[in-house]
Amino acid sequence: VAVCIAAQGGIVVKAPIAGGGWLTIPAVQQFIGVAPSGWRKSTALGVVTGPLDRVLTKGVRERRQLANRLLDAERQRIRDENIGIPDFLLNDKQLNEVFSAGACPDTLVKDPTVESLRNIAVRNGGCVGVLAGEADVFRNISAYSNDPGSLTFFLDLWDQGDIATARVGAGMMKMSDAALYLGVLFQ
């Protein structure tokens with residue numbers, strides 16, 4: 001699970017398609033462990049999350065450096081293509097938004113709601129990981145409704161379904177092939 005989260009969805013599996021051919025899909029992994037009371041579940045997860053946090057921080061730094069180099073090259077390319085156009089105006093805000101989107105600094109969460117899982121998955125290109133020492137993540141799934149309607153989205157993430165929701169506060173959130181990596185220790 002930790003390796004999958006660190007790779008932010010980059011680990012794939014080739015699955016055979018009925019009738020021939022292959023489908024490349026993200027590898028989704030989950031584990032649920034039962035730990036006795038006093039077992040120090042958070043300490044056990046800390047052994048995984050410590051190195052994982054360091055890997056993610058290093059990856060974010062490297063992706064930001066790469067994005068800055070690509071952004072500078074794209075700005076220069078656009079300027080070169082528009083030399084001599086008197087009313088040309090470079091849209092730096094739009095370019096910055098596009099090139100900073102790949103940093104994905106917040107992949108790992110401990111106590112998410114279903115809505116936050118959706119938002120993180122969309123912001124991170126379809127990948128979100130939950131590592132929790134308690135079962136809170138499952139209680140949060142139905143925290144805002146009396147019926148299991150919110151389970152639909154959770155299960156969509158689990159089986160790599162598409163995210164396509166529209167909310168007044170968040171607007172349209174769309175992502176294909178989202179993956180939820182889940183590691184939970186129960187008592």
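For Leu23, the side-chain contact (heavy atoms from CB on, under 4.5 Å) criterion is met by Ile17, Ile25, not counting sequence neighbours. Listed by chain and number, the residues in a side chain to side chain donor-acceptor pair (under 3.5 Å) with Asp80 are Gln76 (sequence neighbours excluded). Residues that satisfy the side-chain contact (heavy atoms from CB on, under 4.5 Å) test with Leu89, not counting sequence neighbours, are absent from this structure. In this structure Glu74 satisfies the side-chain contact (heavy atoms from CB on, under 4.5 Å) test together with Arg77, Ile78, Leu95, Phe99, sequence neighbours excluded. Lys174 is linked by a salt bridge (charged side-chain N to carboxylate O under 4.0 Å, His left out) to nothing, counting only residues two or more places apart in sequence or in another chain. Partners of Asp92 by salt bridge (charged side-chain N to carboxylate O under 4.0 Å, His left out), not counting sequence neighbours, listed by chain and number: Arg75. Under the side chain to side chain donor-acceptor pair (under 3.5 Å) criterion, Ser116 pairs with Thr113, sequence neighbours left out. Taking the side-chain contact (heavy atoms from CB on, under 4.5 Å) definition, one finds that Gln94 meets it with Asn91, sequence neighbours left out.
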Checklist line | side chain to side chain contact (heavy atoms under 4.5 Å, CB included) between Ile85 and Asp87, worked out | finding: CA-CA 6 Å; Ile85 299 175; Asp87 58 347; 3.3 Å; yes
